[in-house]
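In what follows, a single structure is set out as C-alpha coordinates and then discussed.
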Amino acid sequence: MGSLNHLLDPGDLVVCDDFVDLTTERAGEGVVGGRLLIMRQPVCPVGRAALLRGARRLAADRRLFSRGVYVVTEGPRFESPAEVRHLQGAGDVVGQSFSPEVWLARDIGACYAGIYLIVNYARGHSRRLEPRRAQAPLHRRRARHGTRGARRRRVVAADDSACRCRELRKPTLLH
(Lines give C-alpha, C1' and ligand atoms only; values in the text may rest on other atoms or scores of the structure.)
Protein backbone atom coordinates (compact mmCIF):
# COMPACT_ATOMS: atom_id res chain seq x y z
CA MET A 1 0.00 0.00 0.00
CA GLY A 2 1.06 3.53 -0.64
CA SER A 3 1.60 6.35 1.80
CA LEU A 4 -0.49 9.48 1.32
CA ASN A 5 0.66 10.89 4.66
CA HIS A 6 4.11 12.50 4.81
CA LEU A 7 4.64 10.91 8.25
CA LEU A 8 4.37 7.35 6.85
CA ASP A 9 7.42 5.83 5.19
CA PRO A 10 8.02 2.49 3.46
CA GLY A 11 8.50 -0.19 6.09
CA ASP A 12 6.06 1.40 8.54
CA LEU A 13 3.04 -0.56 9.80
CA VAL A 14 -0.45 0.92 10.08
CA VAL A 15 -3.53 -0.51 11.79
CA CYS A 16 -6.28 1.49 10.07
CA ASP A 17 -9.43 2.42 11.93
CA ASP A 18 -11.51 3.91 9.11
CA PHE A 19 -11.82 3.99 5.34
CA VAL A 20 -13.05 5.92 2.32
CA ASP A 21 -14.30 3.65 -0.47
CA LEU A 22 -13.91 5.22 -3.91
CA THR A 23 -14.69 2.05 -5.82
CA THR A 24 -17.59 2.00 -8.24
CA GLU A 25 -17.50 -1.48 -9.75
CA ARG A 26 -18.05 -3.47 -6.55
CA ALA A 27 -21.71 -4.41 -6.16
CA GLY A 28 -23.63 -4.64 -2.91
CA GLU A 29 -22.31 -1.75 -0.87
CA GLY A 30 -24.71 -0.28 1.68
CA VAL A 31 -27.56 -2.77 1.80
CA VAL A 32 -26.42 -6.34 1.28
CA GLY A 33 -28.62 -9.41 1.46
CA GLY A 34 -31.53 -7.37 2.82
CA ARG A 35 -29.56 -5.95 5.76
CA LEU A 36 -28.41 -2.44 6.55
CA LEU A 37 -24.67 -2.36 7.28
CA ILE A 38 -23.84 0.25 9.91
CA MET A 39 -20.29 1.49 9.33
CA ARG A 40 -19.88 3.97 12.20
CA GLN A 41 -17.19 1.67 13.58
CA PRO A 42 -15.93 -0.17 10.48
CA VAL A 43 -12.95 -1.85 12.13
CA CYS A 44 -13.31 -4.10 15.16
CA PRO A 45 -11.71 -2.40 18.18
CA VAL A 46 -10.93 -5.74 19.82
CA GLY A 47 -9.20 -7.01 16.67
CA ARG A 48 -7.30 -3.72 16.27
CA ALA A 49 -6.05 -3.93 19.85
CA ALA A 50 -4.88 -7.52 19.32
CA LEU A 51 -3.04 -6.56 16.13
CA LEU A 52 -1.35 -3.63 17.84
CA ARG A 53 -0.21 -5.79 20.77
CA GLY A 54 1.12 -8.43 18.38
CA ALA A 55 2.92 -5.91 16.18
CA ARG A 56 4.55 -4.25 19.17
CA ARG A 57 5.84 -7.64 20.29
CA LEU A 58 6.74 -9.25 16.95
CA ALA A 59 7.82 -6.22 14.92
CA ALA A 60 9.31 -3.97 17.58
CA ASP A 61 11.92 -2.71 15.11
CA ARG A 62 9.27 -1.09 12.88
CA ARG A 63 7.40 2.16 13.35
CA LEU A 64 3.77 1.33 14.15
CA PHE A 65 0.82 3.67 13.70
CA SER A 66 -2.29 2.77 15.67
CA ARG A 67 -4.80 4.51 13.42
CA GLY A 68 -5.23 5.74 9.91
CA VAL A 69 -7.72 6.16 7.11
CA TYR A 70 -7.43 3.71 4.20
CA VAL A 71 -8.53 5.20 0.86
CA VAL A 72 -9.71 2.35 -1.37
CA THR A 73 -9.33 2.87 -5.12
CA GLU A 74 -10.57 0.72 -7.98
CA GLY A 75 -7.36 -0.27 -9.69
CA PRO A 76 -5.77 -1.96 -11.52
CA ARG A 77 -3.76 1.22 -12.01
CA PHE A 78 -1.84 3.52 -9.72
CA GLU A 79 -3.19 6.99 -9.02
CA SER A 80 -2.11 10.06 -11.00
CA PRO A 81 -0.23 12.90 -9.25
CA ALA A 82 -3.41 15.01 -9.24
CA GLU A 83 -5.40 12.11 -7.74
CA VAL A 84 -2.78 11.64 -5.03
CA ARG A 85 -2.97 15.33 -4.09
CA HIS A 86 -6.76 14.99 -3.91
CA LEU A 87 -6.63 11.77 -1.88
CA GLN A 88 -4.17 13.22 0.65
CA GLY A 89 -7.09 15.21 2.06
CA ALA A 90 -9.14 12.04 2.43
CA GLY A 91 -6.78 9.61 4.11
CA ASP A 92 -3.37 8.35 5.13
CA VAL A 93 -2.83 5.33 2.90
CA VAL A 94 -4.10 4.21 -0.50
CA GLY A 95 -4.68 0.72 -1.81
CA GLN A 96 -7.19 -1.61 -3.38
CA SER A 97 -7.90 -4.27 -0.74
CA PHE A 98 -9.80 -2.83 2.25
CA SER A 99 -13.14 -2.90 0.52
CA PRO A 100 -15.26 -4.96 -0.08
CA GLU A 101 -13.74 -7.04 2.74
CA VAL A 102 -14.72 -4.57 5.47
CA TRP A 103 -18.41 -4.43 4.56
CA LEU A 104 -18.64 -8.10 3.59
CA ALA A 105 -17.42 -8.92 7.11
CA ARG A 106 -20.09 -6.60 8.51
CA ASP A 107 -22.71 -8.33 6.34
CA ILE A 108 -22.06 -11.68 8.03
CA GLY A 109 -21.61 -10.16 11.49
CA ALA A 110 -17.88 -10.85 11.55
CA CYS A 111 -15.09 -8.70 12.90
CA TYR A 112 -12.65 -7.02 10.54
CA ALA A 113 -9.22 -5.58 11.31
CA GLY A 114 -5.98 -5.48 9.40
CA ILE A 115 -2.39 -4.44 9.67
CA TYR A 116 -0.79 -2.90 6.60
CA LEU A 117 2.80 -2.51 5.48
CA ILE A 118 3.67 0.69 3.66
CA VAL A 119 5.64 -0.39 0.60
CA ASN A 120 5.89 2.90 -1.29
CA TYR A 121 4.89 6.53 -1.47
CA ALA A 122 1.71 6.98 -3.49
CA ARG A 123 2.49 7.97 -7.07
CA GLY A 124 2.67 11.74 -7.22
CA HIS A 125 3.72 11.97 -3.55
CA SER A 126 6.33 14.67 -3.07
CA ARG A 127 9.02 12.10 -2.27
CA ARG A 128 9.99 9.53 -4.86
CA LEU A 129 11.17 6.06 -4.00
CA GLU A 130 13.11 3.90 -6.40
CA PRO A 131 11.49 0.47 -7.03
CA ARG A 132 14.49 -1.41 -5.62
CA ARG A 133 14.34 0.61 -2.38
CA ALA A 134 10.55 0.11 -2.15
CA GLN A 135 11.02 -3.67 -2.26
CA ALA A 136 13.84 -3.72 0.31
CA PRO A 137 11.62 -3.92 3.44
CA LEU A 138 9.78 -6.88 1.93
CA HIS A 139 12.92 -8.79 0.98
CA ARG A 140 14.71 -8.14 4.30
CA ARG A 141 11.86 -9.60 6.30
CA ARG A 142 10.75 -12.45 4.00
CA ALA A 143 12.33 -15.24 6.07
CA ARG A 144 11.20 -13.78 9.39
CA HIS A 145 7.60 -13.42 8.20
CA GLY A 146 7.36 -17.11 7.33
CA THR A 147 8.61 -18.29 10.71
CA ARG A 148 6.28 -15.98 12.62
CA GLY A 149 3.09 -16.89 10.76
CA ALA A 150 1.81 -19.35 13.35
CA ARG A 151 2.52 -16.99 16.24
CA ARG A 152 0.69 -14.13 14.47
CA ARG A 153 -2.44 -16.20 14.13
CA ARG A 154 -2.39 -16.86 17.86
CA VAL A 155 -1.82 -13.16 18.61
CA VAL A 156 -4.91 -12.11 16.68
CA ALA A 157 -7.17 -14.51 18.55
CA ALA A 158 -8.78 -12.09 20.96
CA ASP A 159 -11.45 -12.13 23.62
CA ASP A 160 -14.55 -11.40 21.57
CA SER A 161 -16.80 -10.92 24.62
CA ALA A 162 -16.02 -7.18 24.47
CA CYS A 163 -16.70 -6.99 20.73
CA ARG A 164 -19.96 -5.47 19.49
CA CYS A 165 -19.46 -5.98 15.73
CA ARG A 166 -22.48 -8.30 15.44
CA GLU A 167 -24.71 -5.52 16.78
CA LEU A 168 -23.80 -3.30 13.80
CA ARG A 169 -25.73 -5.54 11.40
CA LYS A 170 -29.40 -4.51 11.32
CA PRO A 171 -32.50 -5.46 9.33
CA THR A 172 -33.10 -2.89 6.63
CA LEU A 173 -35.99 -0.45 6.67
CA LEU A 174 -36.51 -1.03 2.94
CA HIS A 175 -38.73 -4.16 3.22
Give, for atom CE of Met1 and atom SG of Cys16, the distance between the pair rounded to the nearest 0.5 Å.
4.5 Å
Sequence-distant partners of Leu64, side chain to side chain contact (heavy atoms under 4.5 Å, CB included), two or more places apart
Leu13, Val15, Leu52, Ala55, Arg56, Ile115
Mind checking what makes side chain to side chain contact (heavy atoms under 4.5 Å, CB included) contact with Asp12, not counting sequence neighbours?
Leu8, Asp9, Arg63, Phe65, Ile118
Is any side-chain heavy atom of Phe98 closer than 4.5 Å to one of Val93?
no
What is the ring orientation for Tyr70 with Tyr116, classed by angle as parallel under 30°, tilted 30 to 60°, or perpendicular over 60°?
perpendicular
Non-hydrogen side-chain atoms of Arg106 and Val102 separated by less than 4.5 Å:
no
Any side-chain heavy atom of Cys111 sitting closer than 4.5 Å to one from Val46?
no
Under 3.5 Å, side chain of Tyr112 to main-chain N/O of Leu104, donor-acceptor pair present?
no
If you take all heavy atoms of Asp21 and Ser99, which pair is closest and at what distance?
OD2-OG, 2.6 Å
Nearest heavy-atom contact between Arg48 and Ala113 is N-CB, 3.8 Å
Hits for side chain to side chain contact (heavy atoms under 4.5 Å, CB included) against Leu87, two or more places apart or cross-chain, chain-then-number order -> Leu4, Leu22, Val71, Thr73, Glu79, Val94
With rounding to the nearest 0.5 angstrom, report the CZ to CZ distance, Arg166 to Arg164.
12.5 Å
Less than 4.5 Å apart, side chain to side chain, heavy atoms only: is that true for Arg67 and Asp92?
no
Separation of Arg40 CZ from Asp18 CG (nearest 0.5 Å)
13.0 Å
